[in-house]
Amino acid sequence: MKKDICSLDFGELAEEIAGIGEPSFRSRQIFEWLHVKLADSFDEMTNLSKKLRERLDSEYEIPVLRTADHQISKVDPTEKFLFELADGNMIESVLMRYSYGNSVCISSQAGCRMGCRFCASTIGGLERNLAPSEMLRQIYQIQKMTGERVSNVVIMGTGEPLDNYDNFVKFIRMLSDEHGLHISQRNITASTCGIVPNMRRLAGEGFQITLALSLHASSQEKRSSLMPVANRYSLDEVLKACDDYFTQTGRRITFEYSLIAGVNDRPEDTAGLTAILRGRNCHLNLIPVNPVRERDYTRPDRKKAEEFKIKLEKNGINVTIRRERGSDIDGACGQLRRRHVTAK
Ligand code: SAH
């Protein structure tokens, strides 16, 4: 089997290329072709000899993503991509254009095994982890297809990044590597459902990324009824890990809270959230839940969501309601992939 050259970081590639007897500037050139010029094949690497290109091609592969579907929203500047991996697995990514730049939301796994009750991505379980190259190339492909620079990356697509820890961490290093696309770690946000031991490991990586915690409830009981992972790591443990992440990295935590009508949008929930978040240096993002066909959760109406937010603000919580994007294009949470998997 050929080696995935796009998952080798700068140092590893240098070792490989030295190993086949090439001078060190060659590995710099190849890294640049792969991670700056975003080449899809060795043929494109025209400053390498034909012989070297053939040698590389016989030993290594560049895992290309095939665009299986591409939807462009008519209501806002959002585009959604369904990519097919080499083994036929499907993943999805979203491009959102903002005044501050282009943000891409990527998947970290094909499927997911976390089982959150309101989420479409976990319904078919986990297929497999994505390689660093497969995470990187979602961004590369979108940048190539649109011809526009990507400035921000959020790891909030399908999958749990901290359930694919090593590949995820390598991906962050390569994405922010000065020899590569060099996206600032401050412009990267990774979201986790709260795998405590790996949140603690992540705090020690020396990253400047933002960590988002999927909170979704303010009591242990309610949280574990929505998110099975909460049975393994309690709310108290998760919050403690968030505090320690902030202490260790100086990066403020973002809490995500999907508002579900009648489930977590009641007065007891604003009270609970206030008790948890007041005094914590953090930001709360409210996301009216996206209805998933296989689930029967609905979102509170706009007015109710606004009231929920205002109550929290009055209690001194730093809170926003996330603006909805691409609602006309299966823009939300694993729905495009789900539709394709179901159709098959
Ligand atoms: N596994 C990670 C990241 C992927 S999901 C995590 O759990 O954080 C990104 C965010 O979307 C999470 O906060 C997740 O809980 C939320 N989400 C999932 N399904 C949703 C839905 N149907 N409506 C709104 N938010 C949803």
Side-chain angles (χ1 to χ4, degrees), residues 91-94 96 103-127 129-130 135 138 153-165 167-168 171-172 188-196 198-199 202 209-218 222-230 232-233 235 238 241-242 245 253-261 263-265 282-300 305 308 320-327 330-339:
I91 54 170
E92 60 183 277
S93 322
V94 189
M96 292 158 286
S103 179
V104 168
C105 173
I106 66 142
S107 297
S108 56
Q109 296 179 313
C112 182
R113 56 175 180 163
M114 293 298 128
C116 298
R117 305 271 181 254
F118 44 82
C119 181
S121 297
T122 196
I123 293 171
L126 177 68
E127 294 290 343
N129 283 329
L130 298 191
M135 292 185 243
Q138 295 172 57
V153 172
V154 297
I155 301 94
M156 291 192 185
T158 298
E160 168 51 47
L162 299 190
D163 188 39
N164 182 15
Y165 188 84
N167 289 345
F168 163 69
F171 156 77
I172 298 290
I188 302 174
T189 298
S191 180
T192 180
C193 60
I195 300 182
V196 168
N198 287 348
M199 290 170 69
L202 188 65
I209 65 171
T210 298
L211 183 62
L213 177 78
S214 295
L215 185 60
H216 304 320
S218 58
K222 209 177 267 190
R223 191 162 186 268
S224 57
S225 74
L226 291 171
M227 306 172 69
V229 69
R232 260 199 295 159
Y233 307 109
L235 182 57
V238 167
C242 287
Y245 188 92
I253 300 282
T254 297
F255 291 101
E256 288 166 279
Y257 193 97
S258 299
L259 277 171
I260 309 173
V263 174
N264 65 1
D265 65 344
C282 66
H283 182 89
L284 177 66
N285 231 331
L286 301 174
I287 312 149
V289 77
N290 289 298
V292 172
R293 196 170 2 117
E294 290 85 346
R295 312 286 205 225
D296 49 9
Y297 291 128
T298 56
R299 51 170 60 180
F308 193 87
T320 48
I321 299 181
R322 189 188 289 163
R323 250 190 310 155
E324 188 171 29
R325 286 299 200 121
S327 53
D330 296 313
C333 306
Q335 314 237 33
L336 180 56
R337 172 176 179 273
R338 186 77 209 132
R339 199 158 52 73

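All of these numbers come straight from a predicted model, not from anything done at the bench. Numbering starts at 1 and runs along the sequence shown. We count ligands from 1, going down the list as the structure has it; atoms in each ligand are counted the same way.
The shortest heavy-atom distance from His216 to ligand 1 is under 4.0 Å. Using a 4.0 angstrom heavy-atom cutoff, Gly157 counts as in contact with ligand 1.
To the nearest 0.5 angstrom, Arg337 atom CZ is 6.0 Å from Glu127 atom CD. For the atom pair Leu162 CG and Thr192 OG1, the distance stands at 4.0 Å (nearest 0.5 Å).
Here is the list of ligand 1 atoms found below 4.0 Å of a heavy atom in Val292: 22 (N). Listed by number with element, the atoms of ligand 1 under 4.0 Å from a non-hydrogen atom of Phe118 are 15 (O), 17 (N), 18 (C), 19 (N), 20 (C), 21 (C), 22 (N). Of all the atoms in ligand 1, the ones that sit under 4.0 Å from a non-hydrogen atom of Asn290 are 21 (C), 22 (N), 23 (N), 24 (C). Distances below 4.0 Å separate heavy atoms of Cys119 from the following atoms of ligand 1: 18 (C), 19 (N).
If you look at Thr192 next to ligand 1, the close heavy atoms, those under 4.0 Å, all belong to the backbone. Residue contacts with ligand 1 for Cys193 involve both N, CA, C or O and side-chain atoms from C-beta outward (heavy atoms, distance under 4.0 Å). Residue Glu256 touches ligand 1 through its side chain alone, judged by heavy-atom distances below 4.0 Å. Contact annotation: for Met114 versus ligand 1, there are no heavy atoms closer than 4.0 Å.
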Where do Leu213 and Tyr245 land on the side chain to side chain contact (heavy atoms under 4.5 Å, CB included) test, with the steps shown first?
-> CA-CA 11 Å; Leu213 177 78; Tyr245 188 92; over 6 Å; no
In sequence, state the C-alpha distance, the side-chain angles, and the governing distance for Ile91 and Ile106, and then conclude on side chain to side chain contact (heavy atoms under 4.5 Å, CB included).
-> CA-CA 9 Å; Ile91 54 170; Ile106 66 142; over 6 Å; no
Just do the side chain to side chain contact (heavy atoms under 4.5 Å, CB included) check on Ile260 and Leu226 with the steps written out, would you?
-> CA-CA 10 Å; Ile260 309 173; Leu226 291 171; 4.1 Å; yes
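For ligand 1, the polar-atom distance check against Gly159 finds a nitrogen or oxygen pair separated by under 3.5 Å. Between Pro161 and ligand 1, no N or O atom pair is found at a separation short of 3.5 Å.
Nearest-heavy-atom check against atom 5 (S) of ligand 1 across Glu160, Arg322, Arg299, Met156 picks out Met156.
Under a 3.5 Å cut-off, the side chain of Tyr297 and the backbone N or O of Arg117 do not form any donor-acceptor pair. Although no hydrogens or angles enter the test, the distance criterion places no donor-acceptor pair under 3.5 Å between the side chain of Ser103 and the main chain of Met96. Side chain of Gln109 to backbone of Leu126: no donor-acceptor contact under 3.5 angstrom is found. Using a distance-only test at 3.5 Å, with no hydrogens or angles considered, no donor-acceptor pair links the side chain of Asp265 to the main chain of Ala305.
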